[in-house]
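Convention: sequence-line order gives letters A, B, ...; per-chain numbering from 1.
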Amino acid sequence: MSVVRGQDSVRKGMEMDSLKHWVIGLTVLCGFHLSAGLAMAGIEGISGVVNGSHHTFDLEARTGYITTGEGNSVYMWGFADATGSLVGAMQYPGPTLVVTEGDLVTVNLENLLPVDTSIVFPGQNVTVVASDQAGVLTGEAPAPVKIGSEWINGNATYEFTATKPGTYTYYSGTDTGLQVEMGLLGALIVRPAANTDWAYDHVSTAFDFEYLYILSEIDDVIHDAVETNPTDPVDMSTRHTKYWLINGRTGPDTLFPSGAPYLPTQPYSSFSQTLPGKDVLLRVIGGGLDLHPFHTHGQNFRILARDGRMRSSSPTSGADIGLSDFTLTVAPGQTYDAIWNWTGAGLGWDIYDSASAHTCLGFMIETKTAGDFDPVTHEFCPDHGKPIPVDLPQNQFLAFGGFWTGSPFLGQEGALPVGEGGNNPTGGFYFMWHSHNEKELVNFDIAPGGMLTMMAVEPPGTPIP
Amino acid sequence: MHKVKFFIVLSTAFMMSGLAHGAEFWIRAERFTKTINGDAIPMWGFSESSDGGSSYGPPTVPGPELVVPVTETSLTIHLANLDVPERVSILIPGQRPDAMNPQIVGGRLFSLTDDVAAGNSGTYAWGVGSGSQALKPGTYLYESGSHQAVQIQMGLYGAMTHDHNTGVAYDNHPAWIAAPGAPAFLASYDESRILIFSEIDPVQHASIDTSTFTSAINYNPKYFLVNGEPYDGVLSSEIGTGWTVPGGGPKVLLRMLNAGYQTYVPVLNGRYFDIISEDGNILPFVRTQYSVELHAQKTHDAILVLGCDNAVNPSYTTTNLVLHDRRGNMSTSTPDGMLVHFTLPDGDNDFVPEFCDSCLTLPGFVDTNSDGFGNICDPDLDGSLLVNFGDFAAFVSAFFGAYNPDADFNTDGVINFGDLGTMATFFGGAPGPSGLVP
């Protein structure tokens, strides 16, 4: 198991020198973020109208706009929850639909776009209950037509039984390349019936926290062309993406809370938090049209499933053959479930500060057994009392990122120059999770930005929403 | 034309005793024009000769499918170059050739192996010479090994397949653990399809053909193809035909190859397949997915089991399976370039495929009252899902009175004692089985 990356990331904080400039600017925005509280729910989603085990979702396909980290505004097509609080507004990505294994799911789609559209649900056996016109992949909801003085919107209704738990995606089945580019995509989560804190029907998929990461891209030139001429065909071979997004936001907007009022059409955060030793379920979806190497600094993850099916050596063995890796190749349309668990094991130094009085498993000195972890702090006891093996540079030799607390130890703060810091009040270890295709870490050539977010390993006792 | 191959593995041919018999093919590289959506595009393709190289059929892109029989352990390809202005060659990634002699031109590598100039021919061998590596079973691309940035995109590629046994694509991986009741071979199949994904940049083709080409760096394909054609909005390929065991189950082997330079992600709507191999290597465990990452020059075999647990009446997708590229690659002038439309046989158009729909009589059954139960198992004339006196009364009326096709259980045109026997068999129970969800 490689922990070298973990050491690098913790000690350096941020990898790239250029990031320091961004993070100084970020402190202003993150000040806003922090004053709103660190309230980040694991996975935001909707359950629809629930009648026993029947979930009905009323979705609309609408036009709208999103904002990007360097201040641009981009015309989009997106799904909207017709019964949600943002009535009349699309969202990007579309609402995350959350149901339970065995539920009957009905999705009503009303189309207010200038073009025909539809929804496909790969991995589900879908019945088109009704549609105003047939399409190649599925029944479609045509564009609104004017009859007399009234506009009549197109409709389609899809139904399926969510027979198997897992992470799934949905997207437009009409002119898929263009309509996914324009934003018509979302996630579907099916929870196991017996255990809502398992990803699948096996204990090997149990988790303490869960997060959703929908990766996508945008070529604003295509969006401008569509905004001007919505029904003209688009030559997708001209596509040249300039924005890269997680859950519909470019970095650093990815760090702001879900439901932030200044991002009304981009309701989902991807800021992630955990505690040492806890299992975090990563639900990763290739939402766009390109592949991305999603890199989880700090620790390897263990793959559980692909496309909603566990990687199993036999039907009852659970997720026993998933690979351990630190970069996930995320391909369009595919879904991935993985468990990430940070322990600090093997770092070689006491993460709670060898100079501070604390015990590990009740002992004041290091233990010898490789599997020893403190049950409360999850400290790796073979490293207990070991000093950090570097001379920490003095402040006058540092450029400050807003997440540096002044101390390298978990839960600790140190002296900082006036005005520095503030983004990390709990003293967590912040790991940047990002597309390792580094050119994707910009917003229209402005660095840093793009496909990046943070996973914060917080000190024990920190409430994780 | 969109080539649809319904591939039936024949029983093995005889083998000369004491000798390893080799498979032998004669193909020729030649220039031709391929018209896509009215656009005449210069191509370089392979044609095949069935008379030992005396005459050749028309060139195609992809080239002819080279099927190496089960019994053969070696392969010989005689390659002629009719008029391709560059020297061409043949490589099969994943198979070790008997010889590989890179050709340097002007100090730069031009061909990865011996090559053939226009007007000449050459012979390539796998597993023929002593000490050579025997041909491996699986699904492979054969392609030019010369100036690959130009020659592969111009069309010099095709599929080569070689099964381990009749109806078995690969031997089992040593680490494979058979689940109880599973077939002896993971890679056994009932029918197969070859799906070659590729793309065309017509601007580069034109410049290559007029010798004005300088670099592939601005490669920007406009046409996206499966088996050489973009989806035309109409064509479909029927799978699961001829299956005679009720309750579903035909295993369709999808041999997917990417002869292009970009990644494609085919996604199947509504069903899963089991990916069993990568680049001609059998996997120890299947990857059950609805999608496959098809990187440039990669091959994956996947088994699509046409089971019956998906049959819901009515269902748009039950009898239409669409494999579409989730990267959205479409031709610029027609929609849905990279799309394959499979249909399942559904003689009575009730959206329940034949192999799930019938009751004991495949093919040729009917379901006259369209309730999802084939007549032969459907004495439930009142649709109560229980065969009882209400149904018997209706049967008696038809027995003595007007012909009621629903009561003609064996569909022989008369309602008589043959049908009465069926009524007796089912009396007191439920109709079926059928493909309907119970």
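- B:His295 has its side chain within reach of A:Leu291: a pair of non-hydrogen atoms, C-beta onward, lies under 4.5 Å apart.
- Scanning both residues, A:Pro332 and B:Val265, for their nearest heavy atoms gives O-CG1, 3.3 Å.
- Comparing B:Val292, B:Ile177, B:Asn220 by how many heavy-atom pairs each has under 4.5 Å with chain A, the most go to B:Asn220.
- Here CD of B:Glu293 is found 6.0 Å from OG1 of A:Thr329. Values are rounded to the nearest 0.5 Å.
- With B:Tyr290 as the aromatic partner, A:Arg306 does not meet the cation-pi criteria of under 6.0 angstrom to the ring centre and within 45 degrees of the ring axis.
- Only the side chain of A:Arg311 comes within less than 4.5 Å of a heavy atom of chain B; its backbone N, CA, C and O stay farther away.
- What you find for A:Val180 and B:Arg326 is that their closest heavy atoms are CG1-NH1, 3.8 Å.
- Between A:Pro122 and B:Val267, the shortest heavy-atom contact is CB-CG1, 4.1 Å.
- Considering OG of A:Ser313 and CH2 of B:Trp176, their distance stands at 12.5 Å, rounded to 0.5 Å.
- With a 4.5 Å cut-off on non-hydrogen atoms, B:Thr288 touches chain A through its backbone and its side chain both.
- Using a 4.5 Å cut-off on side-chain heavy atoms (C-beta onward), B:Arg271 and A:Asn125 make no contact.
- Residue A:Asp232 places its CG atom among more than 12 non-hydrogen atoms of other residues, nucleotides or ligands, all under 6.0 Å distant.
- Of the residues considered (A:Ser314, A:Ser312, A:Gly288), A:Gly288 shows the highest number of contacts with chain B, using heavy-atom pairs under 4.5 Å.
- A:Thr161 does not touch chain B: none of its heavy atoms, backbone or side chain, sits under 4.5 Å away.
- Contacts between A:Pro315 and chain B at a heavy-atom distance below 4.5 Å involve the side chain alone, from C-beta outward.
- Using a 4.5 Å heavy-atom cutoff, the side chains of B:Arg327 and A:Asp290 are in contact.
- Shown here for B:Pro221 and A:Ser237, the closest heavy-atom pair between the two residues is O-CB, 3.4 Å.
- Contact annotation: the side chain of B:Leu339 approaches that of A:Leu137 to within less than 4.5 Å [non-hydrogen atoms, C-beta and beyond].
- Electrostatic pairing of A:Asp307 and B:Arg287 does not count as a salt bridge here, judged by no charged N lying under 4.0 Å from a carboxylate O.
- Looking at A:Arg309, its side chain never comes within 3.5 Å of a backbone N or O of B:Gln289 through a donor-acceptor pair.
- Residues B:Tyr231 and A:Val136 form a side-chain contact, since some pair of their non-hydrogen atoms from C-beta on lies under 4.5 Å apart.
- With a threshold of 4.5 angstrom between heavy atoms, A:Tyr171 approaches chain B through side-chain atoms but not through N, CA, C or O.
- Heavy-atom distances place no part of A:Thr163 under 4.5 Å from chain B, backbone and side chain included.
- Legend: residues meeting ring pair (Phe, Tyr, Trp, His ring centres under 6.0 Å) with A:Phe79, ordered by chain and number and at least two apart, are A:Tyr170.
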